Amino acid sequence: MATERKQRIGIALGGGSARGWAHVGVLRGLFELGIRPEVVAGTSAGALVGAAYVCGKLDDFERWISGLVWQDAAAYLDFGLVGGLIKGKKLFKFFANYLDDCPIEELPMPFGAVATDLETGAEVWFRNGSLLAAVRASISVPGLLRPALHEGRWCVDGGLVDPVPVKLCRTLGADRVIGIDVNSGILDWPIAKSPAAAEAADRDPEEPSLYEVVERSLRIVQERLARSRMKEDPPDVLLQPKVAEIGFIEFHRSKDSFEAGRQAVAGAAEELQEKILGKSS
């Protein structure tokens, strides 16, 4: 009699910039339930957290982001005018200390990251080659972080084409997929206005800044697209940490993000036990 093959658990970690720190809390909550994903797909911030997990650096990564304060986050932002407001060199030099830049195909479990071809709009899947290069391409938020050049094409944030990469996760071999959407409800929060910044830029305090326009536009794209893609490629369980109030670059708010991730898992514990582990209550 043939032995039944073990079902592989996958996790699709969505994009959302600083809101993506919630993925760390989600992973911790899953571990406590005895769920350890064996296949990982990530978009944008989800690619970054997923990379830390698959190369065994999640503990170090969590310690680093737990200690971030606003001044620390600002120090990693090297501003420029070509391709994006942030060059990204300082940021990625630091990330390199917390990720092993090994070939993706040599990682201990299947991993993939999503980016977007800036010229054609095509979805780009990174399933081999440099881990850091894949993450760099996946998190290149248009207008904020410079595009990444990969094999002759410029790549930007994967959230423009697939905010929660369920399809990629299944393609990598997952039988059951947990999808993490950190953009749920983001349009319910108003655009943050800064009267001081408006005065310095000689504009009406009610007029949004360039950063505010970019951030809000990306929120609209990701929230709408996430709904559409997950109707097309639904995960077995969808978790939606409540992090909508966290701003795009509020990387110092890790405590709030971690807790929201854990609570999302706790709130879906029975569903996870049944649909992912196959245990009835």
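Throughout, residue positions are numbered sequentially from 1 according to the sequence presented. Keep in mind the model is a prediction, meaning the values are calculated, not measured.
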Consider side-chain contact (heavy atoms from CB on, under 4.5 Å). Of I178, I9, I276, which one does D236 pass it with? I276
How close do G20 and V49 get, heavy atom to heavy atom, and via which atoms? O-CG2, 3.8 Å
So CG of L277 and CG of L33: to nearest 0.5 Å the spacing works out to 7.5 Å
Can you check whether W21 reaches I246 side chain to side chain, under 4.5 Å on heavy atoms? no
Least distance between heavy atoms, S130 atom then D101 atom: OG-OD1, 2.7 Å
If I compare all heavy atoms of D181 with all of P241, which pair ends up nearest, and what's the gap? O-CD, 3.5 Å
Taking every non-hydrogen atom, the tightest pair across H23 and V182: CE1-CG1, 3.8 Å
Salt bridge present between R153 and D117 (N-O < 4.0 angstrom): yes
Got a second to check how far I180's CD1 is from T43's OG1, nearest 0.5 Å? 12.5 Å
Begin with the C-alpha distance, continue with both residues' side-chain angles, and end with the deciding distance and a verdict on side chain to side chain contact (heavy atoms under 4.5 Å, CB included) for L30 and I11. CA-CA 10 Å; L30 291 175; I11 191 164; 3.7 Å; yes
Working to the nearest 0.5 angstrom, can you tell me the gap between Q273 CD and E270 CD? 8.5 Å
Taking every non-hydrogen atom, the tightest pair across S140 and C155: CB-O, 3.8 Å
Please round to the nearest 0.5 Å and tell me the distance separating atom NZ of K167 and atom CH2 of W125. 5.5 Å
Quick one: CG on L132 to CG on L48, what's the gap to the nearest 0.5 Å? 9.5 Å
Just how far is it from atom CZ of R19 to atom CZ of R253, taken to the nearest 0.5 Å? 11.0 Å
For V161 against G121, the heavy-atom pair lying closest together: CG1-O, 3.5 Å
Test: D162 and R229 ion pair at under 4.0 Å: yes
